[in-house]
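All remarks here apply to the structure that follows.
One-based numbering along the sequence shown.
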Amino acid sequence: MENGVDKVTRVLFCGFEHPASHSYTQKYLENCPFIKIDVLAHVDVPDCIHKYHVCVVKMFRLDSQMIARAVKMKLIIQFGVGLEGVDIVAASQHNIKVARIPGKLSGNSKACAEMAIYLILGLLRKKKEMEESIQRKIVGQPLGDTLFGKNVFIVGFGDIGYDLAKILRGFGVKILATKRKWNFNSNKQNGSTNDNDDRISDKQIDAIGELVDIKGSPQDYYQFAAEADIVVLCLTLNSETAGIINKEFLSSMKKGSMLVNIARGGVVDYKSVYESLKSGHLGGLAMDVAWQEPFDPQDPILKLPNVIITPHVAGVTELSYTSMAKIVGDCAIQLHNGHALKGIQVVN
């Protein structure tokens, strides 16, 4: 081993949220005494980050000042795909690799796609009103709606969007989807299903043609929103997408159409969505991610009957967490042994 059998590679998990991430990784590495895993509260990370070789960032924000303290750090990895909290430029300047775990390898994208279906159906069948009917001993109410025949706009056609479209096909819907770059040329080489330009096979490229009825780019947002009965957000959060679901976007949507967010809370402008719901223009909101997490249970938006929220659990499944724990554990072992890192997507 490059580090020597008497050396220890130290892995830091930032924060106690999503506890299965660190507990599953600890279990996977229980027979590897040369890998030491610690879980620290956010407030304790700044004073201790200098001790660690690997950082699993989770929901912690690693800015340039924090990264400068990480003098032993070799790898910053997300237990999932979202890296909006990491200053990737600063990490590169300190020769630290930054990586995500591709959702198509871990089952995360399939889990998120299934959650999107759950949220869509929850809005259409009026989940909150059904619960109220049970409490009031009312039978045969509320009157819901079907997904069949609807127009669904997938904003951000990456791994999650791709898996969502495959499921939606069975519901008899029309699918519209946007992506920064579809990147299909005449000989079908170098296609991409997500905004990180992952390579895909010819078979997947052919499948996209069958899955998506109308393909577009960010310039088509308002036009597609005007046609859609349901808008599902699957895009990454960055400087270009922060707050894009604003008053203008919502005004372009059909009156009574519904919004589902399984991306990041920051892509949605809270005030605009709240006002659109109150006015009755937006017919419903379902979200697995929020503007602030943990979400305030007293927030007035939750008092509305057509709002559903889940606690950022779209990707939290036995399959995806077991897979991602193995990938993180294997990366720690590979780093310790001086081997190439596998199963991750390095972004810098």
Side-chain angles (χ1 to χ4, degrees), residues 109-156 160-161 163-177 211-214 224-234 245 249-263 265 267-268 270 272-290 295 297 299-317:
S109 62
K110 289 181 173 55
C112 291
E114 290 177 1
M115 177 61 84
I117 295 294
Y118 167 82
L119 294 173
I120 291 170
L121 294 176
L123 286 177
L124 288 169
R125 303 310 294 264
K126 302 181 180 177
K127 179 178 180 291
K128 275 190 174 179
E129 292 181 44
M130 286 194 290
E131 292 172 350
E132 183 179 349
S133 290
I134 293 294
Q135 294 298 320
R136 296 172 59 190
K137 298 182 180 180
I138 296 174
V139 177
Q141 288 182 224
L143 178 67
D145 203 350
T146 61
L147 182 50
F148 175 77
K150 297 293 188 292
N151 293 343
V152 181
F153 174 21
I154 300 175
V155 187
I160 296 172
D163 284 332
L164 175 58
K166 287 197 293 184
I167 300 173
L168 283 170
R169 263 292 166 244
F171 284 91
V173 301
K174 178 180 178 181
I175 298 175
L176 305 89
L211 290 174
V212 179
D213 296 294
I214 304 178
F224 284 15
E227 296 182 40
D229 302 294
I230 301 157
V231 175
V232 186
L233 307 177
C234 302
I245 308 303
F249 186 100
L250 294 162
S251 296
S252 72
M253 293 174 65
K254 285 183 183 179
K255 179 177 173 59
S257 57
M258 298 173 175
L259 180 67
V260 175
N261 188 6
I262 54 167
V267 303
V268 176
Y270 173 89
S272 298
V273 168
Y274 182 70
E275 291 179 351
S276 188
L277 286 164
K278 289 282 286 184
S279 72
H281 181 78
L282 184 61
L285 170 68
M287 52 186 179
D288 183 59
V289 289
F295 197 64
D299 192 292
I301 205 167
L302 295 184
K303 303 295 191 292
L304 301 175
N306 53 350
V307 173
I308 300 172
I309 184 171
T310 52
H312 203 148
V313 291
V316 183
T317 67

Counting distance only, does the side-chain N/O of His281 pair as donor-acceptor with the main-chain N or O of Met253 below 3.5 Å? yes
Could you tell me whether Tyr118 atom OH has more than 12 heavy atoms of other residues or ligands within 6.0 Å of it? no
Please name the pair of heavy atoms, one in Thr317 and one in Ala111, separated by the smallest distance, quoted to 0.1 Å. CG2-CB, 3.6 Å
Would a 4.5 Å heavy-atom cut-off, applied to side chains only, mark Leu259 and Leu123 as touching? no
If you measure from CG on Leu121 to CZ on Phe171, what distance do you get to the nearest 0.5 Å? 5.0 Å
Donor-acceptor contact present, side-chain Asp288 to main-chain Ile262, <3.5 Å: no
The reported gap from CZ in Arg125 to CD1 in Ile120 (rounded to nearest 0.5 angstrom) is 14.0 Å
Just how far is it from atom CG of Leu304 to atom CG of Leu277, taken to the nearest 0.5 Å? 6.0 Å
Closest contact, heavy atoms only, Gly283 versus Asn306: O-ND2, 3.1 Å
For Lys127, look at atom NZ and say whether over 12 heavy atoms of other residues, nucleotides or ligands are found less than 6.0 Å away. no
Using the six-membered ring wherever Trp is involved, compare the ring planes of Phe153 and Phe249 and label them parallel, tilted or perpendicular (cut-offs 30° and 60°). parallel
Step by step, work out the side chain to side chain contact (heavy atoms under 4.5 Å, CB included) result for Asn151 and Leu176. CA-CA 7 Å; Asn151 293 343; Leu176 305 89; 4.1 Å; yes
So does His312 get a backbone contact from the side chain of Thr310, meaning a donor-acceptor N/O pair under 3.5 Å? no
Minimum-distance pair of heavy atoms, taken over all atoms of Ala116 and Leu164: CB-CD1, 3.9 Å
Salt-bridged, Lys128 to Glu132, with N to O below 4.0 Å? no
Please report the C-alpha distance between Val273 and Leu250 in whole Å, then the side-chain angles of each, then the deciding distance to 0.1 Å, and finally whether the side chain to side chain contact (heavy atoms under 4.5 Å, CB included) criterion is met. CA-CA 7 Å; Val273 168; Leu250 294 162; 3.8 Å; yes
I need the minimum non-hydrogen distance between Gln141 and Ser133, along with the two atoms involved. O-OG, 3.1 Å
Would you name the heavy atoms of Ile214 and Glu227 that are closest together and state the gap between them? CD1-OE1, 4.3 Å
Is there side-chain contact between Leu233 and Ile245, with at least one heavy-atom pair below 4.5 Å? yes
For the residue pair Asp299 and Tyr270, confirm or rule out a side-chain donor-acceptor distance under 3.5 Å. yes
Side-chain touch Pro311/Phe295, heavy atoms, less than 4.5 angstrom: no
I need the Ser109 OG to Ile160 CD1 distance, nearest 0.5 Å. 6.5 Å
Between Ser257 and Asp229, a side-chain donor and acceptor under 3.5 Å: no
Charged N-O contact under 4.0 Å between Asp213 and Arg169: yes
Once rounded to the nearest 0.5 Å, what's the spacing between atom CD1 of Ile175 and atom NZ of Lys166? 12.0 Å
Evaluate Ile167 against Glu114 for side chain to side chain contact (heavy atoms under 4.5 Å, CB included), listing each step before the verdict. CA-CA 8 Å; Ile167 300 173; Glu114 290 177 1; 4.2 Å; yes
Rounding to 0.5 Å, atoms CD1 (Ile230) and NZ (Lys254) come to a distance of 10.0 Å
Salt-bridge present (Asp145, Lys150; N to O < 4.0 Å): yes
Scanning both residues in full, the closest heavy-atom pair of Cys234 with Ile154 reads SG-CG2, 4.0 Å
